[in-house]
Amino acid sequence: MPLYEHVFISRQDLSNTQAEGLIEHFGTVLADNGGKLIDQEYWGVKTMAYKINKNRKGHYAYLRTDAPADAVQEMERLMRLHDDVMRVLTIKVDTHEEGPSIQMQKRDDRDDRRRERR
């Protein structure tokens, strides 16, 4: 099955448990349609570059999935219909990277990698 990565932003006035509950909810939607949730990360409340629906901040969540296209389309459809979800981004990837995402790595670990590339 194809591999996908999803990032979605939910409203800032949700509690942390409600925002993490959205991750579980969409993971079950995916599982019900024949896919599986490989990894999930809750990135926390972050300030956005511009307002979305009169919100300056939002709860960010990251999902790694292995699912057929129909399951991903159904999950995205339900995300867009959900009142608490403001934005959704889904990309298809060839492989999932091991370990935490770049957002969850320590800042000094990222600085070391940036120096190596120069």
Side-chain angles (χ1 to χ4, degrees):
M1 283 190 277
L3 302 174
Y4 295 94
E5 293 181 356
H6 314 273
V7 175
F8 68 92
I9 307 171
S10 54
R11 293 182 315 141
Q12 67 183 0
D13 56 347
L14 297 176
S15 69
N16 290 350
T17 55
Q18 288 174 320
E20 290 174 359
L22 286 175
I23 297 172
E24 297 298 325
H25 171 69
F26 293 123
T28 57
V29 167
L30 202 64
D32 291 344
N33 289 303
K36 65 179 178 177
L37 186 64
I38 295 173
D39 190 20
Q40 64 186 23
E41 292 178 0
Y42 172 66
W43 290 348
V45 178
K46 299 202 175 287
T47 304
M48 297 182 280
Y50 56 90
K51 288 184 181 179
I52 299 174
N53 299 338
K54 300 181 183 178
N55 291 300
R56 263 290 172 212
K57 296 182 179 188
H59 291 273
Y60 281 70
Y62 173 71
L63 309 171
R64 291 179 181 153
T65 61
D66 182 10
D70 295 337
V72 172
Q73 286 176 350
E74 178 64 16
M75 185 182 72
E76 283 184 332
R77 184 185 75 81
L78 291 175
M79 281 182 171
R80 286 188 170 81
L81 289 175
H82 203 285
D83 291 335
D84 293 333
V85 177
M86 296 187 296
R87 287 288 190 274
V88 179
L89 174 70
T90 300
I91 59 170
K92 186 176 179 180
V93 295
D94 295 328
T95 60
H96 288 300
E97 292 184 17
E98 293 296 320
S101 65
I102 194 74
Q103 191 72 27
M104 295 299 286
Q105 293 175 2
K106 292 182 182 176
R107 184 165 297 281
D108 48 332
D109 291 343
R110 286 186 278 175
D111 291 340
D112 292 341
R113 258 188 23 186
R114 191 175 325 142
R115 286 187 204 121
E116 290 172 7
R117 279 190 264 158
R118 289 183 185 169

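Taking OG1 from Thr28 and CG from Asn33, the interatomic distance works out to 10.0 Å, rounded to the nearest 0.5 Å. Taken from CE in Met79 to CG in Leu22, the straight-line distance is 8.5 Å, to the nearest 0.5 Å. The distance from the NE2 atom of His6 to the OH atom of Tyr62 is 9.5 Å, given to the nearest 0.5 Å. Here the CE atom belonging to Met86 is positioned 14.0 Å from the CZ atom belonging to Arg80, to the nearest 0.5 angstrom. Summarising the geometry, atom NE2 belonging to His59 is positioned 9.5 Å from atom CD belonging to Glu20; distances are rounded to the nearest 0.5 Å.
Judged by distance alone, the side chain of Asp70 and the main-chain N or O of Pro68 form no donor-acceptor pair under 3.5 Å.
Nearest heavy-atom pair, Thr65 versus Leu30, reported as atom, atom and distance to 0.1 Å: CG2-CD2, 3.2 Å. In this structure, Asp66 and Pro2 approach most closely via the heavy-atom pair OD1-O, 3.3 Å. Looking at every heavy atom in both residues, Ala67 comes nearest to Gly35 through CB-CA, 3.6 Å. Residue Tyr50 comes nearest to Arg56 through the heavy atom pair CA-NH1, 3.9 Å, listed as atom of the first residue, atom of the second, then distance.
Lys46 NZ: more than 12 foreign heavy atoms inside a 6.0 Å radius.
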Checklist entry - Can Asn53 and Arg11 be said to form a side-chain contact (heavy atoms from CB on, under 4.5 Å), step by step? => result CA-CA 9 Å; Asn53 299 338; Arg11 293 182 315 141; over 6 Å; no

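Residues Glu76 and Phe8 fail the side-chain proximity criterion, which asks for heavy atoms closer than 4.5 Å.
Using cut-offs of 30° and 60° on the angle between ring planes, the pair Phe26 and His82 is perpendicular.
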